[in-house]
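Have a look at the structure below, then the notes.
In this text the structure is predicted, and so the values were computed from the model without any measurement. Residue numbers begin at 1 in each chain, while the letters A, B, ... track the order of the sequences. Computed over heavy atoms, backbone and side chain alike; hydrogens, waters and symmetry mates excluded.
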Protein chains: 2
Amino acid sequence: MRALATTYRAQEAPAGLPEPLPQPACDDLRLEQVLAVLADPLRLTIVQRLLTQAERYDHACGWFGLDRPKSTLTHHFKALREAGVISQRQYGLERRSRVRLNDLNARFPGLIDLILDWTPAT
Amino acid sequence: MRALATTYRAQEAPAGLPEPLPQPACDDLRLEQVLAVLADPLRLTIVQRLLTQAERYDHACGWFGLDRPKSTLTHHFKALREAGVISQRQYGLERRSRVRLNDLNARFPGLIDLILDWTPAT
DNA sequence: GTAGTGGTACGAGTTTAGTCGAACTATGGC
DNA sequence: GCCATAGTTCGACTAAACTCGTACCACTAC
């Protein structure tokens with residue numbers, strides 16, 4: 001599965017998109033915070049699915065089909081965004097997420113491969 | 001600093017050493033647990049120092065010069081060992097630690113480089 | 001207008017993690 | 001035996017995190 005990390009295209013945001021919600025700059029990403037936010041299985045699932053199954057540009061949190069209340073999902077997506085792992089843009093009603101691939105590869109090379117190789121506990 | 005990860009010799013334990021304290025097998029290492037245990041700055045410091053400054057085989061926890069009570073250090077070393085990041089052997093009075101380099105590189109390639117590249121927050 | 005949708009914000013309950021003091025064990029030197 | 005040393009274990013406190021219900025907001029369709 002690791003080959004995906006390198007073949008996964010570093011998607012550039014098309015022009016005219018909504019601005020991303022507030023997020024830490026690439027230089028401000030902290031390894032300990034990124035690790036902490038990825039230590040949760042649910043968040044690891046979210047990021048892995050974004051990496052492997054996001055065909056289009058990005059996805060709203062309903063797309064993941066996670067069986068949790070909305071307030072729980074909001075909590076986890078916010079944690080991922082505040083740690084700098086994902087960015088989110090507002091599209092009318094929906095708030096769509098994508099992995100900050102370029103920034104993560106620049107700051108923490110190899111991290112994406114670790115996420116791709118992960119398999120949830122049985 | 002990243003070059004160290006590949007040049008760092010994968011030390012084999014000499015024969016006749018004390019057995020390691022109980023620790024998870026290589027195949028049982030869980031990424032989410034390893035990330036959780038590395039999300040703490042103090043533990044990240046411990047592992048990084050073991051990787052970069054351990055000249056001999058391994059080191060007791062007093063060697064690190066960490067300004068914390070012994071019970072706190074015991075807690076963190078135990079967390080690292082139970083997550084599979086370090087192994088510990090009893091040498092008379094001392095309990096010496098080393099990073100499980102071979103196992104970590106086998107299961108989570110690239111992780112060691114992330115630890116080596118880390119710089120503590122100012 | 002109303003209703004439905006995608007999501008946030010707040011707050012509470014529960015759990016987990018970090019910190020540390022005090023008491024304890026085990027080893028080695030004398 | 002005594003004493004110092006290296007570390008553990010226990011318990012308590014505190015802080016943080018996860019979960020989730022409720023209320024709320026913004027937008028769209030009708």
Side-chain angles (χ1 to χ4, degrees), chain A residues 17-23 30 32-47 50 54 56-98 120-121, chain B residues 17-23 30 32-47 50 56-83 85-98 120-121:
Chain A
L17 282 195
E19 278 304 296
L21 302 189
Q23 62 182 24
R30 296 289 316 159
E32 57 270 37
Q33 291 174 12
V34 170
L35 296 186
V37 88
L38 292 177
D40 183 275
L42 185 58
R43 291 194 287 249
L44 215 37
T45 301
I46 290 171
V47 177
L50 275 177
R56 301 292 187 80
Y57 177 63
D58 40 14
H59 289 275
C61 74
W63 169 81
F64 294 85
L66 300 166
D67 189 22
R68 302 293 171 90
K70 292 191 296 181
S71 51
T72 299
L73 298 182
T74 296
H75 167 73
H76 287 297
F77 278 89
K78 184 179 178 184
L80 286 168
R81 175 169 50 86
E82 291 183 342
V85 175
I86 65 174
S87 68
Q88 296 182 288
R89 292 167 196 265
Q90 194 80 31
Y91 287 69
L93 270 187
E94 293 184 341
R95 177 167 294 194
R96 299 187 194 162
S97 303
R98 65 188 301 221
Chain B
L17 281 194
E19 279 304 296
L21 302 189
Q23 61 182 26
R30 299 287 317 158
E32 58 269 37
Q33 291 174 11
V34 170
L35 296 185
V37 89
L38 292 177
D40 184 274
L42 186 56
R43 292 194 286 249
L44 217 34
T45 302
I46 290 171
V47 178
L50 274 177
R56 301 293 185 79
Y57 177 64
D58 40 14
H59 289 274
C61 75
W63 170 81
F64 295 85
L66 300 166
D67 188 22
R68 302 294 170 90
K70 291 191 296 180
S71 51
T72 298
L73 298 182
T74 296
H75 167 74
H76 287 296
F77 278 91
K78 183 179 180 186
L80 285 167
R81 176 169 49 87
E82 292 183 341
V85 174
I86 65 173
S87 69
Q88 295 183 288
R89 292 169 196 263
Q90 195 79 31
Y91 286 71
L93 271 186
E94 294 183 340
R95 179 166 293 194
R96 299 189 195 159
S97 304
R98 65 187 302 219

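One interatomic measurement links the two molecules: NZ of A:K70 to C1' of D:dC18, which rounds to 19 Å at whole-angstrom precision. Atoms CG (B:L73) and P (D:dT8) sit 9 Å apart, rounded to a whole Å. A:I86 places its CD1 atom 14 Å from the C1' atom of C:dG7, with the value rounded to the nearest Å. Distance CD (A:E32) to P (C:dG18): 13 Å, rounded to an integer number of Å. Whole-Å rounding puts the A:F64 CZ to C:dG7 C1' distance at 14 Å. Atom CG in B:L66 sits about 15 Å away from atom P in D:dA6, given to the nearest Å. When the P atom of C:dA26 is taken as reference, atom OH of B:Y91 falls 21 Å away, rounded to whole Å. Atom P of nucleotide D:dC18 and atom CD1 of A:I46 are separated by 11 Å, given to the nearest angstrom.
The heavy-atom pair separating B:I86 from B:Q23 by the smallest distance is O-OE1, 4.0 Å.
Residues A:E94 and A:S71 each lie close to DNA chain C; by heavy-atom proximity, the contact nearer the 5' end of the strand is made by A:E94.
Not one N or O on the side chain of B:R30 forms a donor-acceptor pair closer than 3.5 Å with the backbone of B:A83.
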Go through the steps for A:D40 and B:E32 under the test side chain to side chain contact (heavy atoms under 4.5 Å, CB included), then give the verdict. CA-CA 6 Å; A:D40 183 275; B:E32 58 269 37; over 6 Å; no
Side chain to side chain contact (heavy atoms under 4.5 Å, CB included) for A:R43 and A:L38? Distances and angles first, verdict last. CA-CA 6 Å; A:R43 291 194 287 249; A:L38 292 177; 5.6 Å; no
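For C:dG7, the OP1/OP2 oxygens have no side-chain nitrogen or oxygen of A:T74 closer than 4.0 Å. Of the side-chain N and O atoms in B:R96, none sit less than 4.0 angstrom from OP1 or OP2 of D:dA6. Listed pair B:T72 / C:dC20 meets the phosphate criterion, a side-chain N or O lying under 4.0 Å from OP1 or OP2. Taking only side-chain nitrogens and oxygens, B:R43 comes nearer than 4.0 Å to OP1 or OP2 of C:dG18.
Note on A:H76: only backbone sugar-phosphate atoms sit closer than 4.0 angstrom, heavy atoms only; bases stay farther off.
The side chain of B:L93 approaches D:dA6 more closely than any other nucleotide in the set C:dC20, D:dA6, D:dC18. Among D:dT8, C:dG7, D:dT19, the nucleotide with an atom closest to any side-chain atom of A:H75 is D:dT19. Nearest to the side chain of A:R68, among C:dT8, D:dT19, C:dC20, sits D:dT19. Ranking C:dG7, C:dT19, C:dC10 by closeness to the B:L42 side chain, first place goes to C:dT19. Distances were taken from every side-chain heavy atom of B:P69 (C-beta onward) to each of D:dT19, C:dC20, C:dG6; the shortest belongs to C:dC20.
For the residue pair A:R95 / A:Q90, a side-chain donor-acceptor distance below 3.5 Å is found, with atom types taken as modelled.
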